[in-house]
Undergrad: 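If you scroll down you'll find the structure; I have some questions about it.
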Amino acid sequence: MDNKIIKGALTPTDNINKVSKNNALTGSYKESLTKTDGLFLVNNNIKTRIDYVTINLVLICKDQFDEVMLKLKDWLKSLLIKVSQFKPKLKHFDDGQLLHSYDVVKQNCGAIKWPNNKTSIRLELTGFACELINLDDRYFFPLLQLDKFAKLDIRRIDLALDDLSGKYNIRHVQKSFSKGDYSPKSGTAPTRRDLKSNEGRTIYIGANSSHKKMAIYEKGKQLKLPVNEPFYKDWTRHELRLQGKRTQPIPLDIFTAPDSYFVAAYPKAYSRMLKRVEPRAIVREVKARCKVTLDKRLLHLSNQYGPSIILANQTMTETEIIRRIARCSKSNQPSLPIALLQESKTVF
């Protein structure tokens, strides 16, 4: 790999106006999925998405702790991620703050932790936080630009690739594993575990102690999409999980060239697949999750209160009915993330 670290957006390509297959679902979803992911990802046709990050910032100068912390918090706030006053689990650290979204239902976004001597900062970003970053045109560049203040050391990073065709499904992975596509050129073959639940099937490849492992699962079933939607059974996620170690550090350019690292981990299994699948799209996933929740709630509303609404509509307008019965939940109000609502009002 080229060790040159890119800290700004690459030169835009001419595919900016193209809409990939991942940006449009069939049937009832189609009209709601027009926005694409961040420009860096779209312009450079990057197909994988960073799905989880743990990174240490080892400060070059202890006196810069407050400055670096302020820059981190400003970046997170601009992503609509709030630094709360609640403490995370502090194993190996002395202090810290949990991160969550500004949404009505607060989503866990990770944590910031540090030791008493304030010589380093650990930043943990969950899948939800990474979604917000992947939607943002600045991508991870504000984080990478902190290398002037600290040595950036990736402790864990997850890369996810989606197949929507049904070709690279669980059965395909089982066959590929049996052929040795997930085995190294020399040495012992990785372990494999097959699990099944009401959220579909999952395959884990690699030991928990390994520096790399795969999790392949049926994403459409995990999201509980309607059974009649084509992606209920065809949507498979392939997730690479890398652990940084002293003998096997993770280069920083994995942020700007994630596809290369994804393929390099298991080249026989993924070199062909990466060329054939469409780029993963965060917007599709976020709105699909919300669509599932909306459909369930509307069905419950219809079953329980449909006749009463019909009666009300005989003497009231639809707007009057909505104003009369609508209310916000104090604890569990479903909603699109604020980050998407700020772009435009979305009609499902």
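All values below were derived from every heavy atom in this structure, side-chain atoms included, with hydrogens, water molecules and symmetry-related copies excluded.
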Undergrad: Given N45 and D259, is the side-chain contact (heavy atoms from CB on, under 4.5 Å) satisfied, shown in steps?
TA: CA-CA 10 Å; N45 196 34; D259 290 359; over 6 Å; no
Undergrad: Among L161, I216, V277, find the one that has a side chain to side chain contact (heavy atoms under 4.5 Å, CB included) with Y168.
TA: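 The passing option is V277.
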Undergrad: Is the side chain of N134 donor-acceptor paired with the backbone N or O of I50 at a distance under 3.5 Å, no angle test?
TA: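 Checked: pair present.
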Undergrad: Taking side chain as C-beta onward, heavy atoms only, is Y232 less than 4.5 Å from K221?
TA: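 Yes, their side chains come closer than 4.5 Å.
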Undergrad: Measuring only between side-chain heavy atoms, which start at C-beta, is Q243 closer than 4.5 Å to R156?
TA: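 With C-beta onward as the side chain, the pair touches.
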Undergrad: Check for a donor-acceptor pair, side chain of S178 on one end and backbone N or O of Q174 on the other, with a separation under 3.5 Å.
TA: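 Pair found, side chain donor or acceptor close to backbone of Q174.
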Undergrad: Would you confirm whether E67, through its side chain, and Q64, through its main-chain N or O, come within 3.5 Å as a donor-acceptor pair?
TA: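 The answer is no, because no donor-acceptor pair under 3.5 Å joins these two groups.
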Undergrad: Taking M316 as the starting point, is it possible to reach I325 by hopping between hydrophobic residues whose side chains are less than 4.5 Å apart?
TA: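 I325 clusters together with M316.
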Undergrad: Check the hydrophobic clustering (I, L, V, M, F, W, Y; side-chain heavy atoms under 4.5 Å; chains of links allowed) and say if L144 and I154 are grouped together.
TA: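 Yes, same cluster.
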Undergrad: Distance check, rounded to the nearest 0.5 Å: L72 atom CG versus I121 atom CD1?
TA: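 Rounded to the nearest 0.5 Å, the CG-CD1 separation comes out at 5.5 Å.
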Undergrad: Can a donor-acceptor pair be found, under 3.5 Å and without considering hydrogens, that links the side chain of N44 to the backbone of I46?
TA: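 Checking the backbone N and O of I46 against the side chain of N44, no donor-acceptor pair under 3.5 Å is found.
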Undergrad: Without swapping roles, check the side chain of Y261 against the backbone of P251 for a donor-acceptor pair under 3.5 Å.
TA: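 No, the answer is negative, given that no donor and acceptor are paired below the 3.5 Å cut-off.
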Undergrad: Distance under 6.0 Å and angle within 45° of the ring axis: does R241 meet both against Y52?
TA: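 Judged by the rule (NZ or CZ under 6.0 Å from the ring centre, within 45° of its axis), R241 is not positioned above Y52.
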Undergrad: Can you list the steps and then say if F40 with T256 is a side-chain contact (heavy atoms from CB on, under 4.5 Å)?
TA: CA-CA 9 Å; F40 173 79; T256 52; 4.0 Å; yes
Undergrad: Please determine whether side-chain contact (heavy atoms from CB on, under 4.5 Å) holds for the pair M273 and H172, giving the CA-CA distance in whole Å, both sets of side-chain angles, and the decisive distance to 0.1 Å.
TA: CA-CA 11 Å; M273 175 183 168; H172 171 86; over 6 Å; no
Undergrad: Would V173 and M214 satisfy side-chain contact (heavy atoms from CB on, under 4.5 Å), going step by step from the backbone distance to the final call?
TA: CA-CA 11 Å; V173 173; M214 290 295 304; over 6 Å; no
Undergrad: Within the side chain of K118, is there an N or O that forms a donor-acceptor pair under 3.5 Å with the backbone of F65?
TA: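 Judged by distance alone, no pair lies under 3.5 Å.
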Undergrad: I'd like to know if the side chain of D163 reaches the main chain of T236, judged simply by a donor and an acceptor atom lying under 3.5 Å from each other, with no hydrogens or angles considered.
TA: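 No; zero donor-acceptor contacts below 3.5 Å.
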Undergrad: Should F177 and Y217 be counted in the same cluster of Ile, Leu, Val, Met, Phe, Trp and Tyr side chains packed under 4.5 Å apart?
TA: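 Looking at the clustering, Y217 is in a separate group from F177.
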Undergrad: Pick one: which of K47, R237, R49 meets salt bridge (charged side-chain N to carboxylate O under 4.0 Å, His left out) with D162?
TA: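 Exactly one candidate clears the test, R237.
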Undergrad: Is a donor on one side and an acceptor on the other found under 3.5 Å between the side chain of T54 and the backbone of R155?
TA: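 No; judged by distance alone, with no hydrogens or angles, the pair does not exist.
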Undergrad: I'd like to check the salt bridge (Lys or Arg N to Asp or Glu O under 4.0 Å) partners of E124; sequence neighbours left out, ordered by chain and number.
TA: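 In terms of salt bridge (Lys or Arg N to Asp or Glu O under 4.0 Å), with neighbours along the sequence ignored, E124 is linked to K113.
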Undergrad: When you compare the side chain of F231 with that of L223, does any pair of heavy atoms fall below 4.5 Å?
TA: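 They are not in side-chain contact.
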Undergrad: With no hydrogens and no angle check, is any side-chain donor or acceptor of T126 less than 3.5 Å from a backbone partner on N108?
TA: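 Looks like yes, one N/O pair under 3.5 Å.
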Undergrad: Determine all donor-acceptor pairs shorter than 3.5 Å in which one atom belongs to a side chain in residues 74-84; sequence neighbours excluded.
TA:
residue : atom : partner : partner atom : Å
S78     : OG   : W75     : O            : 2.6
S78     : OG   : R138    : NH1          : 3.1
S78     : OG   : R138    : NH2          : 2.7
S84     : OG   : F86     : N            : 3.2
S84     : OG   : L98     : O            : 3.0

Undergrad: Are K196 and D194 close enough for a salt bridge, meaning some N to O gap below 4.0 Å?
TA: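 Answer for the salt bridge query: no.
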Undergrad: Run the side-chain donor-acceptor check on residues 87-94: report pairs under 3.5 Å with partners two or more places apart or on a different chain.
TA:
residue : atom : partner : partner atom : Å
K87     : NZ   : D95     : OD1          : 2.5
D94     : OD2  : N116    : N            : 2.7

Undergrad: Tell me, yes or no, whether the heavy-atom count around Q304 atom CD, taken from other residues, nucleotides or ligands under 6.0 Å, exceeds 12.
TA: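 Count over threshold, so yes.
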Undergrad: Could you list the donor-acceptor pairs under 3.5 angstrom formed by side chains in residues 55-63, with sequence neighbours left out?
TA:
residue : atom : partner : partner atom : Å
N56     : OD1  : R122    : NE           : 2.7
N56     : OD1  : R122    : NH2          : 3.4

Undergrad: Take atom NZ in K224; do more than 12 heavy atoms of anything else shown fall under 6.0 Å from it?
TA: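 Atom NZ in K224 is crowded, with more than 12 foreign heavy atoms closer than 6.0 Å.
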Undergrad: What pairs meet the ring-ring contact (aromatic ring centres under 6.0 Å, His included) rule with one or both residues in residues 300-324, with sequence neighbours excluded?
TA: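 Of all non-adjacent pairs touching residues 300-324, none passes ring-ring contact (aromatic ring centres under 6.0 Å, His included).
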Undergrad: Other residues, nucleotides and ligands only: do more than 12 of their heavy atoms fall within 6.0 Å of CZ on R272?
TA: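 Check fails, neighbour count at 12 or below.
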Undergrad: Which residue pairs pass the ring-ring contact (aromatic ring centres under 6.0 Å, His included) test when at least one of the two sits in residues 180-199, sequence neighbours left out?
TA: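 Passing the test, one end in residues 180-199: Y182-Y266, Y182-Y270.
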Undergrad: If we only count heavy atoms from C-beta on, is the E131 to Q107 side-chain gap below 4.5 Å?
TA: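 No, side chains not in contact.
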